[in-house]
Amino acid sequence: MRVSPIIPTIASFLLAALWGLSVFAGWGLEAFCAGADEDCPRRLGTVSTVSGLFATLAACCTAAAWLLPVSRGDLRVFGRLMGAAVLAWVLAEGVLFVGGLLARHS
């Protein structure tokens with residue numbers, strides 16, 4: 001059974017939007033630092049930077065899957081790149097979540 005290439009692409013874009021809103025639109029600050037000490041935003045900023053490494057990897061894998069001729073010509077390569085992208089987004093979100101919890105309680 002084959003999976004349409006649009007499904008992991010949409011998943012990647014949705015995870016990217018969630019990560020971006022959490023980091024840049026203040027969702028992370030509201031979720032983790034509301035009512036916490038004044039040092040929490042600084043700690044969350046550090047966590048966001050580490051999470052950004054995984055987000056950058058995910059964005060690069062997504063772009064490579066769609067832009068490299070080898071991945072557009074071979075669905076297995078495309079699937080591996082998109083799978084890596086989705087996994088990297090999940091790691092980016094996980095680092096942000098666990099790090100946010102630690103930032104709040106440190």
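Any value given below was found using the heavy atoms of this structure, including those in side chains, with hydrogens, waters and symmetry copies removed. From a predicted model like this one, the values you see are computed outputs, not experimental measurements. The first residue of the sequence shown is numbered 1, and numbering continues consecutively from there.
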Looking only at non-hydrogen atoms, find the nearest pair between V86 and P8 and report the distance.
CG2-O, 3.9 Å
Sequence neighbours excluded, the answer for ring-ring contact (aromatic ring centres under 6.0 Å, His included) partners of F78 is W66
Taking side chain to side chain contact (heavy atoms under 4.5 Å, CB included) as the definition, give me every residue that meets it alongside L68, ordered by chain and number, with sequence neighbours left out.
A64, V70, S71
Would you kindly confirm whether V77 and L67 end up in one hydrophobic cluster when ILVMFWY residues are joined by side chain heavy atoms under 4.5 Å apart?
no
Acceptor/donor pairs from residues 89-100 side chains to any protein atom, 3.5 angstrom cut, sequence neighbours excluded:
{"unit_1": "W89", "atom_1": "NE1", "unit_2": "S12", "atom_2": "OG", "d": "3.0"}
{"unit_1": "E93", "atom_1": "OE2", "unit_2": "W19", "atom_2": "N", "d": "3.0"}

Name all residues meeting the side chain to side chain contact (heavy atoms under 4.5 Å, CB included) criterion together with L57; count only those two or more places apart in sequence or in a different chain, and write none if there are none.
C61, A88
Under 3.5 Å, which donor-acceptor pairs link side chains of residues 25-39 to any protein atom two or more places apart or in another chain?
{"unit_1": "D37", "atom_1": "OD1", "unit_2": "C40", "atom_2": "N", "d": "3.2"}
{"unit_1": "D37", "atom_1": "OD1", "unit_2": "R43", "atom_2": "NH2", "d": "3.0"}
{"unit_1": "D39", "atom_1": "OD1", "unit_2": "R42", "atom_2": "NE", "d": "2.9"}
{"unit_1": "D39", "atom_1": "OD2", "unit_2": "R42", "atom_2": "NH2", "d": "2.8"}
{"unit_1": "D39", "atom_1": "OD2", "unit_2": "R43", "atom_2": "NH1", "d": "3.3"}

Given the rule that I, L, V, M, F, W and Y join up when any side-chain heavy atoms are under 4.5 Å apart, are V47 and V23 in one cluster?
yes
Going only through I, L, V, M, F, W and Y residues with side-chain contacts under 4.5 Å, is there a path from L102 to L44?
yes
I6: partners by side chain to side chain contact (heavy atoms under 4.5 Å, CB included), with sequence neighbours left out:
S4, I10
